[in-house]
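All figures in this text were calculated on a predicted structure; none of them were measured in a lab. Just so you know, these numbers use all the heavy atoms, side chains as well, and skip hydrogens, waters and symmetry mates. Note on naming: letters A, B, ... go to the chains in the order of the sequence lines (proteins, then strands), and numbering restarts at 1 for each one.
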Amino acid sequence: QYLTKSVIFGTMEVKTSSNSVRFDKQRCSFIVLIMFFSLPAVNAVWPMPQLISSSTDRYPLSPRQFIFQYASGSSAKSGCSVIDSAFKRYFPLIFVDYLKKTEKHMYRTFSMQPMLNVYASIHLSFPFSVVDKLSVSSGQASLRAKTVWGALRGLESFSQLVYQDDFGQYFVNKTEIDDFPRFKFRGLLLDTSRHYLPLPAILKTLDAMSYNKFNVFHWHIVDDPSFPYQSSTFPGLSSKGAFHPSTHVYSQTDVSRVISHARLRGIRVLPEFDSPGHTQSWGKGQPGLLTSCYKGSVPSGTFGPVNPAMSSSYQFISRLFKEVASVFPDPYIHLGGDEVDFTCWKSNPEVRGFMQKMGFGTDYTKLESYYMENIINLTKTLNKTSIVWQDVFDNHEKVKETVLHIWKGSPAQIQQELSDITLAGYRVILSAPWYINHIAYGQDWTTYYNVQPLNFTGSEQQKSLVIGGEVCMWGEYVDATNLSPRLWPRASAAAERLWSDEKTTSSVTDAFPRLTDFRCRLLRRGIQAEPLFVGHCRHEYEGI
Amino acid sequence: MYTARLFAALLLAVVCLATQEEYDNDILEEGITLTDSQYGSLWPLPQKVQMSTVVFKLSGASFQIVDAKESSSGASCSLLQNAYRRYFEYIFPSARKQGHVKKKTPASAVSELQVWITSADTECDGFPNVTSDESYACFSVVKDLFIMLGFLDDCYHCLICLLPGLETFSQLVYEGEYGAKSINRTEISDFPRFAHRGVLLDTSRHFLPIKVILANLEAMAWNKFNVFHWHIVDDPSFPYLSRTFPQLSQQGAFHPYTHVYTPSDVKMIIEFARLRGIRVVPEFDTPGHTQSWGKGQKDLLTPCYSGASPSGSFGPVNPILNTTYEFMSMFFKEVSTVFPDAYIHLGGDEVDFNCWKSNPDIQKFMEQQGFGTDYSKLESLYIQRILDIVSSTNKHYLIWQEVFDNGVKMKADTVIHVWKGNQQQYQDEMSRVTASGYQVLLSTPWYLNRISYGQDWQATYKADPQDFNGTDAQKKLVVGGEACLWGEYVDATNLTPRLWPRASAVAERLWSDKDVRDLNDAYSRLAQHRCRMVQRGIPAEPLFSGYCAYEYKGV
């Protein structure tokens, strides 16, 4: 009978407004009641919106008539690159069969609504607030967001609300969503040094990140094994330090492609140039940068961390970071600073002489401190804020304004670290429980799901310093052959933890059918997401 | 066991014509230091290899794999012609794109691989079987110019042995410093240590599209695996489309059209495997693991009882009804014609007795038979009848170890498949099974679906199927092993990188000499072997940090 239904779901309005839409707490009780209507599994949005209510009333959508529109009153209007390209992207994501089945014809009609333009900021900044409100009712859906980035999240949620019945007809249920992320920093780390990841693998990951509402791509671009970043200032770094100087490098064009692909999806690109440790590959193209290790009184021929005793080291880092700061628009740079091995420094007479001169005694953490402080300052002069791994906090008395990144320890140690860092007044990003390169047999997504990032001893003030978390996919055992199925949907579990309200998403049992469904949706969108358990998707992955 | 038949009556030779000039050698030798292992990228390692530092070049424009004039097998042998084309493309992956520009064969080059089959009786349409001899000798010699494959007892076997020989030849070719395809002067004689070198894929817990199965058959051939153990049905779904009982997949598959294997799909898979010297052994596991069978075949499964009334759930196949055995007879009759291999895997594992115990009809039957409360006797009764049914179709069978453990009587040529326990337990089981005179197949240490962080291929590599207490005669009863990739957490999205190169570790254990155990040497060869698989289009995952000259492009 629905074939004869005359209700046509015709337009979807996107409104980004300068007036912040406040999250109305009084709505909660109302919402809870409506939840009893319990959404059909097909309607589940992943990650779970903060507030969602939907009824069983459903409206058919016609791909021939459906249009996206900027609302009158929207500050963003046609010509806004982020939203224009999002419309183009989401149409085939919503109408999955449409382009295959029918002749290509114009499917986008924008009705221009010239209005004031408040949000012109191109690059995302750290205080990155998203409040969006999505409502779907007869004939029209409207999406109101404070920023274009919020509108992207809303479009994603909307696309997940649309489903097909057995006859292939598209439907959306009457739904109201009020949504915002629990944490501002929802990151994913890829390591392109231990294995080179070809550009398509990175771009595909960015696509999948946007489906999961991740908003930071932490690009661990160089490390000991290889230096694939092609620096315009120091081309020798990649020509000597990459696995291969022309096939295993990221050119400036590649990097800007990654940045713009990410930007259009509301994703920041946070580059990491880890030093003074993890720099073996740097040494190949920059002689004199690394500390020469000694065996007795002669150089052994091997090298250690960056030589912190030479002023040339800082001059080099300064010039490299100047380039990095201009290539990567994000206001943050990750400086690494983890796992510095002191053995080589200890063996080097020059370094020992420097220790003496500086009055560090035999405390090499002071030397490390000295180095980190220098490069943090240097980063600051470039108008960038630094993020460093927790080691920098653990080993030093006082570091300047930075964000600390927790990556190690048992659950108890992690909680302690969270307490200590926030007590000292630093902002913090949590990664330790989300090292998803560590694989195990069975449904390990549940451990990523059950993480409680704010479960540590501390004041409200301290808790507010936890700005988010990050999933890390280190590259020892991962390259383009297995990256996607290893990431998805395991990272999706963390995505929901970082976006959604912990109270409404505490049950693994409730999450399982939703995540199962979401992974089939990822598959349908061409993301090679592995299964959670026995079962099937209507459209299986067709590659190998 | 069958390796003893090596160097039997017949001569098969593949002749490799080369032109060479010695003076180039000093320069060309540079290229050899590409690798850490003295054996280059050979995987699995042949039984005997002698590589010299003399290097020849191969040109994609002029190199040919051809039948020798003297060969009795010619262009009509599709198995051979297919293999030639396949291997030419492996050796010269870009030959098609480049087109044939240069016709001139440079000095110091190998221009031709001649395949010479001397048997008068060539038979190219047979199927590989458990006694197929895969041994070959392979010489790449400076002036005598030939590679020679095997001494075998009939022509069909020659063809099968030729496939591993061609694979080895293709692995000898490497890219020299200036991109030239090069091959060192090499002498190889080779044969597999075990006759049964299998990979199990599970198409019930997740449906695997045909494309994925074919791609993995391809990779199996590169690793010299010769048995595809197709665990085709199980509890979750029944994707095998039976001609006799179409309702089994109609009702029991995840989807009756998109998630099934039609007879022509099955035929295609068998033929694809045959052309690569791989047997397809289907498994139809009963009486447990049959939930999906029950959907399309009423009254096949035992109704479970809750107190005095049926609970609505079902247990294993109902062993007390004649209709069960009538069904099984017809079903296995079909299976035995669809699958040409001499063996069928009958499963028989993990039978849960709770449902049988709850059912009053079965309780009564137990009483009548005088089984008391020993339900393993009931299981035995069922299995024995199934074995009889399958025997009557002239098939041999493999069964999981429980059937042996429960003391079911079996024919002497039954192969027992060991899958349970820790190292001590499975080794004890291997002892017991072989002491009883049965042949045995090992899988316990090779459950590759079980993943863990790090280089787990090493543990896989160290396990040895003949490492148990027993006499030489007992050891000879070990027919081989199988890498199992059960499907709980695996489908088309992650199967291939999870299987390769981890299964390659099993492949070498089953093919190469038992003293080939050096992990460093293996690492070096395996890392290159995995890059070769990647270059040939299979997303084999990395062993550790590093790179391949040609990374996977299929994202």
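- By number of non-hydrogen pairs under 4.5 angstrom with chain A, the leading residue of B:N494, B:V534, B:I538 is B:N494.
- By number of non-hydrogen pairs under 4.5 angstrom with chain A, the leading residue of B:H206, B:E541, B:E488 is B:H206.
- In this structure, the portions of A:A201 lying under 4.5 Å from any heavy atom of chain B include both its backbone and its side chain.
- In this structure, chain B has heavy atoms under 4.5 Å from both the backbone and the side chain of A:N437.
- Formation of a donor-acceptor pair under 3.5 Å by the B:D491 side chain with backbone atoms of B:G487 is not found in this model.
- Under the rule for a side-chain contact (heavy atoms from CB on, under 4.5 Å), the partners of B:L241 that lie at least two apart in sequence or sit in another chain are B:S249, B:V260, B:T262, B:P263.
- Between chain A and the options B:V212, B:N449, B:I451, the largest number of non-hydrogen pairs under 4.5 Å is found for B:I451.
- Counting heavy-atom pairs under 4.5 Å between each of A:F243, A:Y196, A:Y541 and chain B puts A:F243 at the top.
- Of the two parts of A:H195, the backbone and the side chain both hold a non-hydrogen atom closer than 4.5 Å to a non-hydrogen atom of chain B.
- When only modelled atom types and interatomic distance are considered, B:Q535 and B:Y550 share no side-chain donor-acceptor pair under 3.5 Å.
- Between chain B and the options A:G543, A:G526, A:G535, heavy-atom pairs under 4.5 Å are most frequent for A:G535.
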Residues A:H438, A:D444; criterion side chain to side chain donor-acceptor pair (under 3.5 Å); working and verdict:
CA-CA 10 Å; A:H438 289 150; A:D444 60 354; over 6 Å; no
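- Annotation for A:Y229 and A:S238: closest pair O-CB, 3.4 Å, computed over non-hydrogen atoms.
- Counting heavy-atom pairs closer than 4.5 Å to chain A, the top-ranked of the candidates B:P209, B:G454, B:S452, B:A549 is B:G454.
- For chain B, the option among A:H536, A:K204, A:E540, A:Q528 with the highest count of heavy-atom pairs below 4.5 Å is A:H536.
- No other option in B:G554, B:P497, B:S545 has as many heavy-atom pairs under 4.5 Å with chain A as B:S545.
- Heavy atoms of A:P531 lying under 4.5 Å from chain B belong to its backbone as well as its side chain.
- By the 30° and 60° cut-offs, the orientation of the rings of A:H220 relative to A:W474 is perpendicular.
- Checking A:W407 against A:E470 by side-chain atom types alone, no donor-acceptor pair falls below 3.5 Å.
- With a 4.5 Å cut-off on non-hydrogen atoms, B:L495 does not touch chain A at all.
- When each of A:G442, A:S226, A:S193 is checked for heavy-atom pairs under 4.5 Å with chain B, A:G442 comes out on top.
- Most heavy-atom pairs under 4.5 Å with chain B: of the set A:H539, A:E542, A:R538, A:E476, this distinction falls to A:E476.
- Residues B:Y447 and B:W419 have side chains that never bring a donor and an acceptor to within less than 3.5 angstrom of each other.
- In this structure, chain B has a heavy atom under 4.5 Å from the backbone of A:L532, while its side chain stays farther away.
- Counting only heavy atoms from C-beta outward, the side chains of B:S41 and B:R525 never approach each other to under 4.5 Å.
- Heavy-atom distances place no part of B:D235 under 4.5 Å from chain A, backbone and side chain included.
- In this structure, A:R519 fails the cation-pi test against A:W488, since its NZ or CZ atom is not both closer than 6.0 Å to the six-membered ring centre and inside 45 degrees of the ring normal.
- In the displayed structure, A:R525 atom CZ is contacted under 6.0 Å by more than 12 heavy atoms of other residues, nucleotides or ligands.
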